[in-house]
Amino acid sequence: MNAPYFTQKQPIKYKKGKSKGLTYRYYDPDRMVLGKRMEDQLRFAVCYWHSFCWTGTDPFGGDTFMRPWQAADTMENARMKADAAFEMFELLGVPFFSFHDRDIAPEGATLAESNKNVRAIGEVFARKMEKAKVRLLWGTANLFSNRRFMAGAATNPDPEVFAYAAAQVKNVLELTHELGGENYVLWGGREGYETLLNTDIKRELDQLGRFLTMVVEHKNKIGFKGTILIEPKPKEPTKHQYDYDVASIFGMLKAFNLEDQVKINIEQNHAILAGHTFEHELALAAGLGILGSIDINRGDYLLGWDTDQFAMNIPEMALACYTIFKAGGLGTGGFNFDAKVRRQSIEPDDLLIAHAASMDACARGLLIAEKMIDDGALADFVAERYSGWDTREGKAILAGKRSLDDLSASVLKKGVEPQPKSGKQEYLERLLNDYL
Ligand code: XLS
Ligand code: NI
Ligand code: NI
């Protein structure tokens with residue numbers, strides 16, 4: 001590769017307002033927002049797979065990007081890819097990145113060879129991370145691309161595939177730990193099924209429970225202090241996925257007694273594929289105490305698949321940030337760019353532009369959320385709406401001190417209808433628009 005790979009030479013800097021070169025117009029890392037530096041609130045991460053591995057294919061056409069390291073899947077090219085990746089991390093000034101084992105190094109003929117390749121690039125990363133001051137938000141194992149996983153990894157009918165997947169996770173979890181990763185993610189791309197004619201759901205769920213438990217056990221064994229995260233997605237690649245959305249994962253975690261050990265990584269595109277809004281999934285996870293991290297991207301509302309576009313919709317970012325930061329932020333999590341440029345955006349610098357533009361959209365979302373939180377009018381409205389539950393009687397009902405008999409007797413005694421109150425949706429929508 002003719003390093004440097006990008007034509008942009010200087011790290012992108014914050015400069016208020018429009019300007020000619022590539023600048024951050026809103027992302028101002030040192031600005032204090034809701035009690036922390038903006039960089040420490042948003043904790044942006046660049047993902048390896050979409051930015052450096054994806055070649056620009058679609059079902060009807062081949063590669064469009066022609067990145068020099070994509071010519072062949074060799075260790076030499078893996079090193080070149082790492083050079084380009086860290087060049088980009090430094091130009092963007094992002095604090096974090098994320099990867100799958102198979103993104104960073106070629107798969108070998110045996111697991112031992114694959115592990116060795118992954119470890120060798122892990123050493124390259126360790127040196128580059130030190131120099132660039134870039135940290136690892138999370139690592140993960142690719143348990144879906146190789147044909148051995150076509151019928152699932154943990155939920156495979158064959159225990160040998162389960163064992164292979166477990167061995168792969170062990171290697172990446174340990175590497176993530178050694179690189180100081182702050183989380184470990186499990187996305188069950190093929191943990192689902194195509195047809196019930198060949199599937200035993202009960203067995204597959206038991207297998208999945210055992211697998212997750214083993215991951216948590218190993219995390220504790222090696223002293224990994226990061227958070228284990230599961231990323232829900234309702235479909236694609238499999239038709240029915242067990243980790244459909246936040247609600248179904250919470251049910252699984254409860255069933256496996258893991259609800260205190262595992263949190264959730266929520267992706268915008270997956271939320272809308274599940275028929276939810278992004279903020280619904282965020283609010284539900286926050287309410288259940290399992291909001292961990294986010295994959296920040298944008299799905300197309302007219303298409304039924306994972307388009308993984310860069311998040312650019314400011315009102316949507318504002319609502320997402322309001323939901324996240326009202327709940328106290330993401331802890332060890334962050335905003336991971338699980339997003340790819342469109343296949344016509346073939347210039348290397350398009351990668352920089354996409355990230356910078358989306359970081360600005362997120363920063364604007366955060367700044368709007370700050371206004372919404374500081375002003376408090378929305379939260380006050382909601383608190384007032386539920387205030388009946390803060391009365392002595394409301395609390396007694398919730399505390400289990402009232403039975404159906406008690407409530408029936410008290411309603412009959414009072415003899416009056418509850419008075420309906422306006423939900424005031426349009427008033428609140430206007431209030432929201434005022435912040436935007
Ligand atoms: C795919 C997922 C994947 C995970 C990591 O749809 O979003 O990219 O984030 O395995
Ligand atoms: Ni994702
Ligand atoms: Ni996705």
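Values below: all heavy atoms of this structure, side chains included; hydrogens, waters and symmetry mates excluded. Numbering starts at 1 and runs along the sequence shown. First listed ligand is number 1; within each ligand, the first listed atom is number 1.
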Looking only at side chains, do [X] and [Y] share a donor and an acceptor under 3.5 Å apart?
X	Y	answer
N156	R190	no
N297	D308	yes
T307	Q309	yes
Y193	E204	no
N336	D295	yes

Are K170 and E174 ion-paired here, with the side-chain N under 4.0 Å from a carboxylate O?
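E174 and K170: salt-bridged.
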
Looking at ligand 1, is there an atom of it that comes within less than 4.0 Å of some heavy atom belonging to H270?
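For ligand 1, residue contact (heavy atoms, under 4.0 Å) with H270 is present.
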
[X], N/O/S atom nearest the Ni ion (ligand 2):
X	result
D295	OD2
E231	OE2
E267	OE1
D338	OD2

Under 3.5 Å between any N/O of [X] and any N/O of ligand 1: does that happen in this structure?
X	value
H100	yes
D295	yes
W187	no

Do you know which of D306, T238, D245 makes side-chain hydrogen bond (donor to acceptor under 3.5 Å, both in side chains) with K233?
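So, applying the side-chain hydrogen bond (donor to acceptor under 3.5 Å, both in side chains) to K233 and each of D306, T238, D245, only D306 qualifies.
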
Closest non-hydrogen atom pair, A141 against Q168:
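Between these two residues, the closest heavy atoms are CB-NE2, 4.3 Å.
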
Which heavy atom of M317 sits nearest a heavy atom of C362, and at what distance?
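That would be SD-SG, 4.0 Å.
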
Shortest protein contact, atom 8 (O) of ligand 1 (heavy atom only)
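The closest heavy atom on the protein side is D338 OD2, 3.0 Å.
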
Starting from atom 2 (C) of ligand 1, which protein heavy atom do you reach first, and at what distance in Å?
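Sorting protein heavy atoms by distance from atom 2 (C) of ligand 1 puts E231 OE2, 3.3 Å first.
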
Atoms in ligand 1 with a heavy atom of [X] nearer than 4.0 Å:
X	answer
W49	8 (O), 9 (O)
D306	1 (C), 6 (O)
E267	7 (O)
K233	1 (C), 6 (O)

Do the ring planes of Y427 and F381 sit parallel (below 30°), tilted (30 to 60°) or perpendicular (above 60°)?
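Taking F381 first and then Y427, their aromatic rings sit tilted (interplane angle of 30° to 60°).
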
If I consider every N, O or S atom in D306, which one ends up closest to the Ni ion (ligand 3)? I only need its name.
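That would be atom OD2.
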
Is the Ni ion (ligand 2) under 2.8 Å from any N, O or S atom of D308?
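Of the N, O and S atoms in D308, none lies under 2.8 Å from the Ni ion (ligand 2), which means no.
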
